[in-house]
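Below is one structure; the comments refer to it alone.
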Amino acid sequence: MVCRALAIYLVVGLAGGCGLPRATASEWDREDIQKLTSFVDEQLDCIWNVAKVAPPKQASPEVYWRRVNLDVAGRIPSMDSARTNSQYESASQAEDALRELIQSGAAARYWGSLLRRLWFPQTDVPPYQYLQADTESWLTEQLFNHRCINEMAHELLTVQYEVQHEVQHEKVAGSSPWATRQTAVPDVFIASNEFQSARMASNATRSFLGIDLECAQCHDHPFDRWTQQQFWQTAAFFELPDNPSLEFAEVGSLKVLIPDSQKIVTAQLFVDATLNRRVYSPSQGESGRTLFADWMCDKRNRWMARHTVDVVWGQLFGVRLSELAHRAESEVVQHWERLHAGLADEFVARGSPLFPLVAALVQTRAYRAESQGIGLAGGVLKRRQQLLAVYNIKALSATQLLDSLQMAQGETTGLAAGPAGIRERTRRAFSESQQVGVEGDQARSVTQLLSLMNGTAWGQPPAIEALATADFLSEAACMDALYWLALGRPPTLQELDQFREAGLFSEDRSSRWERYEDVHWILTNSVEFNTNH
Amino acid sequence: MAISPSGWLKSLAAAASVMPSPKKVILLWLNGGPATIDLWDLKPGHVNGGPFSETATRVPGLRISEHLPELARCSDQLAVVRSMTSKEGDHSRATHFARTGYVPQAGIDFPDLGALLVHEQGASDSPLPNYVSILPPRRVAFAGNGFLESRCAPLYVGEQADAIADLTVRDLQPDRMLPLDRRNLRQQILQQLDTDFSGMHRQPVVLAGADVRRRAIRMMQPEVVEAFDLEAEPERARDRLGRNLFGQGCVMARRLLERGVSFVEVTLDGWDTHNQNFQQVIQLSGQLDRALSGLIADLAERGMLDSTLIVCLGEFGRTPVINSNSGRDHWPRAWSTVLAGGGVGRGQVIGATSADGLQVESEPYQVPDLIASICHAIGVDPMQQNDSNVDRPIRIADPSARLIEGLF
């Protein structure tokens, strides 16, 4: 019995593990992160000052820690972690805990999955779902090893592809030639775009740079910034070299015919910028993709940095920086734009590392802001939301919800630890179709709620068994544990009274099992559990 | 009058000012590709015509299959479009096309028409989901809400159903082992906690979350569960539409519409008649005839026919040429669809096919035209754009779509 009861502390405490070895990469530069945090804080102070709104009050340590866990690792904290972190007395202790979380395999896996969905949203849908597992594994590994965003992007765009006919014949006779791809870097960029230059151009510009170039694919639009010619000039970079054995080829040799026209265009950047080089080496496996990737990932080029910080910001704050600027009152527009540009500059100056950016943003005052709006009229609350003077509550994504449910049940195996394919199938069952880093209505459907409330697929939570059989634990301790498990905080006196009044908080030990099942059901189905607040 | 893409936008805008509130839709999905040449567009006397005879209807000039006698009697409520055409002859691609209005495009998660329409109509006060799919076919991956939010996803009724008793909703009720008092207690405290939480956090996502929980709990209440209870329906009403899965699915569709659902689809499977087409079509026609005619009569008696558009289609038609197994194969080039109610069905016959049934001879229409026309009929702007999962805005109906002439 004692072992069972102790198990709850152990399982939820260990559930934060990831199956990957601990990070051994170099330490972050704390000073750099603090500078980045300070930069954002200063800009937001300026915005609040200009807009004449009071800076936000800060969320409690429990709320903040739950929020950070959901955004960094994609699930609620374990009970042990939630309790411990609410008791830290010094800022450095909290910072160390955050550092440990961000360096965890869980964080790498969660953001690996987000990056896969951001860069290759087409892999959410057949026939490209088969590319998910390899892509996420690779991205996870790169993030765990502190690879920078632009390095990863460059490798993904310039990946070499070669069908190993002989290997295929020997190892997988009768199967598709694609079955023998042997590349360390996943070939998701070319495979999920069917080797078509137009689709690769669309994917690269939209997903990596945040530019809607493909709208001009068929014809010019009167009020659009980009023309059809610019689209196809970009696509030309993704055409295969005429002669792969050439030692050198000029960018001018990359050409494409605009469909339904007689017009052939040559590879050319769609912005007024200069390619890093105009010659590439087909015999060395280079192509026009290499030239485009060199330009796209160069630190002097801000398109990718701006898009990356925009998306990461959106993921953490529920609304992208570009959208904040777009919606802003006139007097603060320039301040949001300055923040966006400045953050992109700082990001690039530090080598475009993802996790230090995340670490810096989750320590800002705006991210730490409380989400309550007691006493605020609707219009005032909305304005404070738009100015990030109150934290924008987000509905949990399907993956966050499923992994958090598992955590709240005291499970250590299954979805979160399982292969990406299993998580993806479950995620699809919950119809997670929202784009990464975009504010959206992610409210559950009634159907999904019925499945959560009445479905039998979730099984018996091990945590309930552990608590119900822990005779040495008082009722108060058990209720406390149920709350920490599900909500990452202790119950309030009012809540305890509600449960007492309903007969679910009593000294009747014979009914523990049923009562704890009821309490667990109530807490995990609550809006509080289902939101990141 | 045919309306050009540019002109019809103006026409729609003008019409929108006089449109009543959005109408409801029942989609009767004939899964597998019905031999519409043996239903709505017979070719008697031609070698491709097969053994069926035509029957006269109440509408002069409209003759349909002898195996649709009840529909012949209410033909003045139908609009038969005999000139549908497409290029998609594969079940999967054609189903995607017919149900979403777009051919599959790798990487884009297109939503079904039902999801698109309920998305436009917004949230309702009903505890029931706005989009219900009854008897979804087992072997077809219906798109569901695609790139639209979860609230637009269909509620499935009778998944894997083999008998009428299987026309139920999964997880609608808690575990039967859970006593009623515990169920009620759970729901009561959950709502209490949600009320407290949303009182302190007045943000839209929290209020919406609390609201959808209230609706889910309401949906578990006996009076709402009753919407799915066919036993509560008078025997006569159930008999009228046929005591089979499809007929009873149509009874449920009408019950759901009465209770606030705005889009219900009911599937009649089994139309992939490569072998023994005619025996199968006789049997399927019997079900379709009784259910559709009964549904029209039911809705008319309740004063709901004008506000409910019924659309009956499958993914394509079947080859006019009869194969060596007395079957018909896939034929997307010329096929028919039928609409009723919603102020649309007035006994029209739109378009025509050649004498051998192989080609559309006049007024060819594509699936996007049908989608745009359905939207127009129920008061939804088919040019409305939604952000897709790849961040590209996509209109409900393809921009090239035009209204089906003669429907309105």
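In the text below, chain A, chain B and the rest are named by the order of the sequence lines, each starting its count at 1.
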*Go through A/Leu381, A/Asn203, A/Thr531 and name the one with the most non-hydrogen pairs under 4.5 angstrom from chain B.*
A/Leu381

_Under a 4.5 Å cutoff for heavy-atom pairs, which residue among A/Val527, A/Ile522, A/Asn525 has the most contacts with chain B?_
A/Val527

*Sub-3.5 Å donor-acceptor pair from the side chain of B/Gln203 to the main-chain atoms of A/Ile393, do we have one?*
yes

*Kindly say whether A/Glu514 contributes a backbone atom to a donor-acceptor pair with the side chain of B/Arg182 at under 3.5 angstrom?*
yes

*How far apart are the closest heavy atoms of B/Ala216 and A/Leu449, and which atoms are they?*
CB-CB, 3.9 Å

Quick check: do [X] and [Y] have side-chain heavy atoms less than 4.5 Å from each other?
X        : Y        : answer
B/Val205 : A/Asn392 : no
B/Val206 : A/Glu528 : no
B/Leu185 : A/Leu504 : yes
A/Gln372 : B/Arg202 : no
B/Gln187 : A/Trp521 : yes

_Best-contacting candidate, B/Leu172, B/Ile189, B/Ile217, against chain A by heavy atom pairs under 4.5 angstrom_ = B/Ile189

*Please determine, among B/Gln191, B/Arg170, B/Gln192, the option with the most heavy-atom pairs under 4.5 Å with chain A.*
B/Gln192

*Portion of B/Met200 that has a non-hydrogen atom of chain A nearer than 4.5 angstrom*: both

[atom2] on [Y] to [atom1] on [X], rounded to 0.5 Å:
X        : Y        : atom1 : atom2 : answer
B/Leu190 : A/Phe529 : CG    : CZ    : 12.5 Å
B/Leu155 : A/Leu450 : CG    : CG    : 7.0 Å
B/Arg392 : A/Arg206 : CZ    : CZ    : 7.5 Å

*Within 6.0 Å of CD in B/Glu223, more than 12 heavy atoms from elsewhere*: yes

*Can you say whether A/Lys394 sits under 4.5 Å from chain B via the side chain, the backbone, both, or neither, judging by heavy atoms?*
backbone

*Where on A/Ser526 is there a heavy atom nearer than 4.5 Å to chain B: the side chain, the backbone, both, or neither?*
both

*Does anything in residues 487-498 of chain A get under 4.5 Å of chain B by heavy atoms, and if so which residues?*
A/Gln494, A/Glu495, A/Gln498

*Taking only residues two or more places apart in sequence, or in another chain, which ones meet A/Tyr391 in a ring-ring contact (aromatic ring centres under 6.0 Å, His included)?*
A/Tyr367

*Residues in ring-ring contact (aromatic ring centres under 6.0 Å, His included) with A/His307, at least two apart?*
none

*Check side-chain contact (heavy atoms from CB on, under 4.5 Å) between B/Asp181 and all other residues, then give those that pass, not counting sequence neighbours.*
B/Pro179

